[in-house]
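These notes are about the structure you will find just below.
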Amino acid sequence: MKSSSTSNTGGSGSGTDSGRSGPGSRSSGSGSGSFNLRNLSKVILPPLGGPSSGHGQSHGGSDKRVISPLDSRYRCWETFMVVLVAYSAWVYPFEVAFMNASPKGGLEVADIVVDLFFAVDIVLTFFVAYIDPRTQLLVRDRKKITFRYLSTFFIMDVASTIPFQGLAYLVTGEVREGAAYSLLGILRLWRLRKVKQFFTRLEKDIRFSYFWIRCARLVAVTLFLVHCAGCVYYLIADRYPHRDKTWIGAAIPNFRQASLRIRYISSIYWSITTMTTVGYGDLHAENTLEMVFNIFYMLFNLGLTAYLIGNMTNLVVEGTRRTMEFRNSVRAASSFVVRNRLPPRLKQQILAYMCLKFRAESLNQQQLMDQLPKSIYKSICERLFLPVVKDVYLFRGVSREGLLCLVTKMKPEYIPPREDVIVQDEAPDDVYVVVSGEVEVIRFDGAEERVEATLVSRDIFGEVSALSNRAQGFTFRTRTLSQLLRLKQATLKEAMQSRPEDSVVIIKNFLKVEMHGMKVEDLLAENAGEQDDANNVLTVAAMGNAGLLEDLLRAGKDADVGDAKGRTALHIAASKGYEDCVLVLLKHACNVNIKDAQGNTALWHAVAAGHHKIFNILYHFARVSSPRAGGDVLCLAARRNDVGALRELLKLGLDVDSEDHDGATALRVAMAEGHADAARFLIMNGASVDKAGLDDDDGSGSSSGSGAARLAMSPGELRELLKKRELGHQITIIDSPAVVPDGGGSSRHRRQGRFQQSTSSDSARWPRVSIYKGHPFLRNHSSEAGKLINLPGTMEEFKAIIREKLKVDAEKALIVNDEGAEIDSIDVIRDNDKLFVVTEEDLRRLAAMDPVSAS
């Protein structure tokens with residue numbers, strides 16, 4: 001995550017919102033980042049892979065004098081012009097029919113004023129940006145705006161605005177009236193296109209009822225046609241030579257002397273009754289010209305009716321199907337919010353998402369891309385997304401092939417303002433690249449939210465948690481309408497593993513950039529000191545990313561580098577349970593026996609954290625260079641009086657009498673350190689008093705155990721423990737039914753023989769061994785428990801016991817000791833040995849993990 005601009009808490013437009021209650025909350029308040037449903041009609045979606053500029057991406061250059069068509073002030077001007085269009089569309093037919101095309105008094109002044117406003121609108125149009133219908137982009141280039149206007153509507157706009165009669169008066173000094181000037185006035189009806197655009201915009205505005213907008217539009221069209229037809233029909237009667245032989249002259253002989261109101265109402269009455277096909281009453285055609293006009297008018301009505309019933313209905317239904325579905329969805333969402341009593345901010349978020357989805361679906365961008373072949377899809381991604389992704393700090397220096405592999409897996413998304421893309425403390429899942437818009441980085445400290453930074457185009461977020469496998473440290477909330485490229489965490493890691501050379505570049509970029517508090521010491525949960533190439537190994541080990549760790553070690557980094565506390569990458573990986581990282585470090589020959597500042601090896605960290613499988617792996621490698629590694633870790637646990645660690649070590653198969661590098665056993669260390677609890681535990685679990693160098697028969701206190709031994713346990717207490725242990729062994733030992741021959745040729749049971757032996761000395765017992773299923777290097781805490789048995793006299797009897805107790809065919813299996821050495825004779829087995837029965841399946845598993853050991 002890299003920020004391009006930062007802002008303090010309470011800054012303009014990005015301060016803390018006191019109304020929020022947590023990192024997952026959202027706001028729909030005001031401010032520069034606020035979002036209101038009334039702004040939906042002003043949304044211009046940026047192109048895929050393209051940044052936004054203002055309300056949308058601009059073609060060519062940009063001029064400050066250019067007016068956005070989405071500006072609220074320009075929208076008000078357009079609405080005002082619609083009112084003027086309605087006036088001019090009504091007054092022109094009225095003036096031609098009832099005033100002989102020469103308006104008088106107030107109408108004349110009004111016409112001049114209206115024409116002046118339309119002249120201003122023509123000039124203003126040269127400064128208004130437009131939306132390219134092919135790309136849906138906002139074009140702000142003055143040259144393109146001018147060329148487009150001159151090549152489309154300019155000529156007709158000028159023709160509909162020129163006052164032809166006024167020009168004729170200025171040229172000739174006379175007011176000209178005639179059919180020519182009346183026909184030229186028809187050009188004013190060209191302005192009606194603004195009304196169409198106005199109603200189209202209102203139909204998409206969810207603040208208004210779609211039903212009533214459609215009704216108002218149809219009523220307006222009908223009234224305009226009725227008005228025009230009435231004016232034309234009156235014009236025919238007024239221009240007819242025999243005025244008493246006209247439709248209005250038959251009813252009103254001197255209709256010219258009648259008031260204007262009577263004449264206009266009569267014309268409208270006739271027009272509307274004809275339009276509705278009710279009939280004429282006493283206002284019918286009186287001459288041939290009127291009959292001809294009625295014929296064409298009725299044919300027109302017939303065609304209009306067919307059009308409305310047929311094509312118009314189909315166009316309305318099909319053309320507004322998505323709009324109706326959208327409005328129904330909005331209505332359902334509103335009902336859902338009310339029914340479930342959700343807060344207003346959730347309603348705003350739901351509606352904002354639905355509106356943005358509606359506008360995005362109309363472009364059919366992602367649907368089209370998904371239908372294309374892979375080669376074409378790759379070329380599109382290279383064209384749209386590659387210029388953005390290659391500038392992201394995390395991918396700088398990555399090969400072109402690696403970038404193409406990433407961009408083809410990215411999915412573009414449009415996110416509305418004030419929407420939480422990632423919530424603090426949630427699990428890592430996705431990585432996002434900002435293509436356009438602004439995203440706020442917010443930290444919630446339990447009491448309030450604080451804006452840490454603002455991300456803009458070509459920034460990335462979510463990569464810290466994705467690469468380090470940590471919970472999200474911040475909330476990322478869109479400040480404006482934003483286009484993001486989403487990449488799955490698993491996809492990113494797969495791409496890095498498939499291209500090791502690019503993986504090294506990515507991790508180096510990741511570790512060099514400040515990540516808003518997520519420094520190396522945060523990833524290690526300790527103070528790691530100065531961040532350098534050496535600490536990179538420690539950081540990646542703390543992430544648990546085995547692929548990146550492999551890349552760094554292959555690049556020549558030291559696997560045994562330590563931090564300020566002496567911990568190596570192996571210490572960190574073992575303590576956190578990252579098995580893959582442990583195997584990578586062992587593959588690159590790291591030192592298993594290095595101790596940190598507290599004297600702990602990676603073995604100790606593994607057992608202390610309960611990662612038994614990792615302990616078994618490390619123990620196998622540790623014994624190669626240090627045969628007494630088991631004794632070292634047992635003695636360390638005894639020295640620290642850690643009975644829990646001792647219990648886990650014995651469960652993992654370590655010999656309780658293993659000696660450390662000084663030749664001491666765990667029992668001897670526990671007694672010498674005065675740790676009675678550890679000593680009792682070891683004695684009750686079979687620790688040899690003889691090997692510990694203690695003599696429990698001398699009650700005088702002059703034993704070899706020295707004075708320190710008596711601090712841990714008195715001789716009497718030691719004897720009591722030994723008796724309890726012997727009794728416990730007689731009860732818990734799983735005896736063998738096998739019969740062994742004695743020296744005189746007779747047979748006796750091993751059980752009977754054992755009772756005949758003295759139990760006063762630890763070394764006088766009959767051989768007892770533990771048998772386990774599976775290779776010792778593959779066993780862990782979840783493996784099947786072993787069996788403690790008396791050792792028979794022959795190998796055949798021993799295999800028979802194995803077949804009975806472990807349900808394993810011993811004839812097809814190997815018998816090995818805890819170091820992996822094969823046992824083929826009963827004579828080499830000693831008291832307290834741990835033996836393991838290894839099948840062919842165990843050998844295959846071992847070969848997959850470690851080919852050297854398997855061989």
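Worth knowing before you read on, the calculation uses all heavy atoms, side chains too, and leaves out hydrogens, waters and symmetry mates.
When all heavy atoms of Ile422 and Gly462 are compared, the pair lying nearest together is CD1-CA, 4.0 Å. Closest heavy-atom contact between Leu455 and Ile460: CD1-O, 4.2 Å. Contact record, Thr480 with Glu438: OG1-N, 3.1 Å, taken as the closest heavy-atom pair. For the residue pair Ser465 and Gly473, the shortest heavy atom distance occurs at OG-N, 4.1 Å. Smallest separation of non-hydrogen atoms from Leu484 and Val439: CD2-CG2, 4.3 Å. Across all their heavy atoms, Val421 and Ile415 have their closest contact at CG2-CG2, 4.1 Å.
A donor-acceptor contact shorter than 3.5 Å is absent between the side chain of Ser436 and the backbone of Ser482. With hydrogens and angles disregarded, a donor-acceptor distance shorter than 3.5 Å links the side chain of Glu426 to the backbone of Val423. Here the side chain of Ser88 pairs a donor or acceptor atom with the backbone of Leu84 at under 3.5 angstrom. In this structure, Thr475 contributes its side chain and Gln424 its backbone to a donor-acceptor pair below 3.5 Å.
Between Arg142 and Phe127, some side-chain heavy-atom pair lies under the 4.5 Å cut-off. The closest side-chain heavy-atom distance from Met81 to Phe198 is not below 4.5 Å. Inter-residue side-chain proximity for Ile506 and Phe395 is flagged as met; some heavy-atom pair is nearer than 4.5 Å. For the pair Lys488/Lys411, no side-chain contact is recorded, criterion being any heavy-atom separation below 4.5 Å from C-beta on. Between Leu394 and Phe510, the closest side-chain pair of non-hydrogen atoms falls below 4.5 Å. Residues Leu192 and Val85 are in side-chain contact: their nearest non-hydrogen atoms beyond the backbone lie under 4.5 Å apart. No side-chain heavy atom of Phe476 sits under 4.5 Å from any side-chain heavy atom of Asp420. Side-chain contact between Val389 and Leu485: present, with at least one pair of heavy atoms (C-beta onward) separated by less than 4.5 Å.
Arg383 pairs by the side-chain hydrogen bond (donor to acceptor under 3.5 Å, both in side chains) definition with nothing, not counting sequence neighbours. For the side-chain hydrogen bond (donor to acceptor under 3.5 Å, both in side chains) test, residues two or more places apart in sequence or in another chain that qualify with Ser271 are Tyr297. Judged as a salt bridge (Lys or Arg N to Asp or Glu O under 4.0 Å), and not counting sequence neighbours, Arg341 has no contacts.
Using the six-membered ring where Trp is involved, Phe94 and Trp90 have ring planes that are parallel, under 30° apart on the 30 and 60° scheme.
For Tyr264 and His227, the ring centers are positioned less than 6.0 Å apart. Aromatic rings from Phe154 and Phe126 are positioned such that their centres are separated by under 6.0 Å. Centroid-to-centroid, the aromatic rings of Phe117 and Phe80 come within less than 6.0 Å.
Rounding to the nearest 0.5 Å places CG of Leu492 at 10.0 Å from SG of Cys405. To the nearest 0.5 Å, atom CG of residue Leu404 and atom SG of residue Cys381 are 9.0 Å apart. To the nearest 0.5 Å, atom CD1 of residue Ile145 and atom OG1 of residue Thr125 are 10.5 Å apart. Rounding to the nearest 0.5 Å places CZ of Arg193 at 5.0 Å from CZ of Phe153. Between Arg75 atom CZ and Leu70 atom CG the span is 5.5 Å, to the nearest 0.5 Å. Rounded to the nearest 0.5 angstrom, Arg65 CZ and Arg140 CZ are separated by 12.5 Å.
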Item checked: Pair Asp121-Lys194, side chain to side chain contact (heavy atoms under 4.5 Å, CB included): steps then yes or no -> CA-CA 12 Å; Asp121 185 66; Lys194 291 183 177 290; 3.1 Å; yes
Margin query: Working note: Leu406 + Leu487, criterion side chain to side chain contact (heavy atoms under 4.5 Å, CB included); need CA distance, chi angles, decisive distance, verdict.
Written below: CA-CA 8 Å; Leu406 290 173; Leu487 180 64; 4.0 Å; yes
Checklist line | Verdict with supporting geometry, Val441 and Thr454, side chain to side chain contact (heavy atoms under 4.5 Å, CB included) | finding: CA-CA 6 Å; Val441 183; Thr454 300; over 6 Å; no
Checklist line | Ile122 and Tyr149: CA distance, side-chain angles, deciding distance, side chain to side chain contact (heavy atoms under 4.5 Å, CB included) verdict | finding: CA-CA 10 Å; Ile122 292 175; Tyr149 186 44; 3.7 Å; yes
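With respect to Arg191 and Asp157, no salt bridge is recorded, no charged nitrogen being found less than 4.0 Å from a carboxylate O. Note on Arg450 versus Glu452: salt bridge recorded, some NZ/NE/NH1/NH2 to OD/OE distance being below 4.0 Å. Looking at Arg418 and Glu440, a side-chain N of the basic residue comes within less than 4.0 Å of a carboxylate O on the acidic one, giving a salt bridge. Here Glu449 pairs with Arg477 in a salt bridge; the nearest charged N to carboxylate O distance falls below 4.0 Å.
Partner of Trp77 under the side-chain contact (heavy atoms from CB on, under 4.5 Å) criterion, out of Leu124, Val128, Val82, Asp71: Leu124 alone.
A cation-pi contact links Arg148 to Tyr130, judged by a cut-off of 6.0 Å to the six-membered ring centre and 45° from its axis.
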